[in-house]
Amino acid sequence: MKRKIISVLKRTRKKFSKYLSTNRLFLTFVIFGLVETILLRNFTLGNTWDTKPLICDLALLILIGAFGYFVKPKKQFNYYFIWMIIVTTMCVVNSIYYVFYTSYASFSLLAALGLVGEVGDSLTEKIKFVDFMYVIFPLVYAIIHTKLKKGSYYYFVAKVENSKKMFSSTILAGIILLAFTLVTMTGTDASRLIKQWDRVYIVQRFGIILYQGNDLVQSLTPRINSLFGYDEAVKNFKEFYTEKFSQEKKANKYTGTLEGMNVIFVHMESIHGYLVGMEINDQEITPTLNKLSKEGMYFSNFYPQISVGTSSDTEFTINTSLMPASSGIVFTQYFNRSYDSVPKILSEKGYYTFSSHANGVEMWNRNNMHPSLGYQEMYFQDSFDYNEKTDRLGLGLNDVAFFYQLQAKLEKIETEHTNYMGTLIQLSNHSPYAATDWHPEMYNAFGELDLTNTYTIVNEDGEEEEITDDYLDGTKLGNYLISAHYGDMALGTFIEYVENSPYYENTVFVFYGDHDARLDKKEYQYYYNYNTETGEVYEKGDPEYVDYNNFTHEVNKKTPLIIWTKNNKIARKIRKTNDNVMGMYDVMPTLANMMNFEAKYALGHDIYDIGADNVVTFPNGNFITNKVYYNNASGKYLILNSEENNNTDMIISEDYISNLKAYTERILNVSNDIVVHDLIKKEGANIPVVEESEVQNG
């Protein structure tokens, strides 16, 4: 037995020794490439030995290297050296880019702006030796090749190498390692990889090679898409807007009510519609929003129309009345298009336009997209005093400090500009919602909300006993309610300032939740099916059980929309609650009517023009009206408000559904064509205006 083991070990050592001696180029390429990626992470992120990105980089280097076995040994160096140059260039560029932007380079941004041109004169001041140390590796690789060439290495390998066998075994090893990445990938990991908006996270989780490859594919998507279907896109674009332009514009009671006023959008992060009016233990979850909804124009059935771009999709749609792109993200991949947007239109009317956010300006590529939308100035993280230890909450500067520091900036704008339009973006109420791994001193700010439940039971002794149950403690929903309560409190400090300020009499504020909380429907069982008298959860079949299913979960994703002003005269004119379904793409045309500007290419409608006939389309093909919510994937729909309409047997005809499906498809296609092919810029001036008589006689 001992001899057999020794024999096996000898054979194994011999095979291993032979493998090492005949695969020097491949092994050196993989080792050098891996060391380069490790060094890049070390000098940027600091997570040198994090196994997940290391294994992913190693797997991809092995897979790339495997194809070298299809090249004759004498030419293998050329194949590996080209890839070595690619990896080295990738590391050098990202090392320099990270110094300036604390992020990683994107093909689309570098192609549009130019790395050197963007950073200007400070380039030479910040570049260090470590940014170019990666060049050492291809140089050493070339030296190794020269020495091997002088010897008999290539001649020997050509005689013994079985290229097909080596390729198969190497590719298998790479696939096994890559499988580790796929198996350990969470839903959040996959989502961020697809969205490609948080580049630092992607490199930290998947390594630089997968990030850069994925970035290349995403950067090429707009260019590939724009090569196909242009003529058909132009035809559909012209037909759609020829019909739109020929429709008679109607005035309503709100036409021009806000003309000449300043407007500030307040982008409320992850604020759900159901929070408005919600109370637990006699505590209002969102007292500020409750107050604003009563004092302003409140839209109770307002729906975000987001895709993978989430917050950025909201910013795009609310400003342009266009839908998110069907492939990719507008903010990161279609930022260099020409859009008819609220800030751009108001800029042309003499307004000063600005945006502000306590996060980095590069997040969601806002540093490029906001100017494209027409914002003249941006006040982002660098514009605020920011102490990482005391002021951070979640992803950045806490909302209270953000709103407080905005006061001086807004007052300066008030005194220097006759009219202005701005967007203020909240940050604190962002997932993971009141997570305890945030700074403890700031976490205490969340602790003001009591989510416990007290109920009475009869114990074993037959006596009544009062039980206090913190049933939402540690749940995602509980953390979300606490976090949203803080965000509302921070907003309240801003409203208090506005009301007490001598400014803003000529300013209207538009508050909107950018998207839902992104919680799974199972998280809501403790809210909808919790028995407050027994501390138990109702089960299916119980009379009190609420069937919170996929349909109700989707319908529940509405967010608040409130138009509010401290000007009492204007406030009296606009104060009301509108219960009609409304989408993000309806905001621009509704405001256009109230402020008296033209939303020429809007896909949505002035809600006071279309009223109960409105249709809200979603990027996945779903749609909602006052009557139904339709799911495109299943082909099924949920009838809404049948009891309110005094018709519990409401029947929806097949024509009603098929017509709305066709309408939704048309809206999505026209919008995507505008984004992909830049049709407003290229074809907007070529749309014929049809006279009303022609339409009637047509």
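Note that the numbering runs from 1 along the sequence shown for the chain.
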**OP:** Would you please test Y375 and F354 for ring pair (Phe, Tyr, Trp, His ring centres under 6.0 Å) and show each step?
**Re:** CA-CA 5 Å; Y375 291 110; F354 68 96; 8.0 Å; no
Subject >> Y404, OH atom: more than 12 neighbouring heavy atoms under 6.0 Å >> reply: no
Original post:
Can you find a heavy atom in the side chain of N365 that is under 4.5 Å from one in the side chain of Q333?
Top reply: no
Subject >> T320 and S341: side chain donor to acceptor below 3.5 Å >> reply: no
Original post:
Is NZ or CZ of K165 both nearer than 6.0 Å to the six-membered ring centre of Y69 and within 45° of the ring axis?
Top reply: no
Original post:
Side chains of Y153 and H145: is there a donor and an acceptor less than 3.5 Å apart?
Top reply: no
**OP:** For the pair T28 (side chain) and L25 (backbone), establish whether a donor and an acceptor sit closer than 3.5 Å, ignoring hydrogens and angles.
**Re:** no
Original post:
With a 3.5 Å cut-off and no angle check, do the side chains of N672 and N669 form a donor-acceptor pair?
Top reply: no
Subject >> Heavy-atom neighbours of K344 NZ exceed 12 at 6.0 Å >> reply: yes
Subject >> Basic-acidic side-chain contact under 4.0 Å: D678, R337 >> reply: no
Original post:
Is there a donor-acceptor pair closer than 3.5 Å between any side-chain N or O of Y480 and the backbone N or O of S270?
Top reply: yes
Original post:
How are the rings of Y141 and F77 set relative to one another: parallel (under 30°), tilted (30 to 60°) or perpendicular (over 60°)?
Top reply: parallel
Original post:
Does a salt bridge link D57 with R41, judged by any charged N lying under 4.0 Å from a carboxylate O?
Top reply: yes
Original post:
Quick one: do the H677 and E683 side chains pair a donor with an acceptor below 3.5 Å?
Top reply: no
Original post:
Any side-chain donor-acceptor pair under 3.5 Å between E315 and T423?
Top reply: no
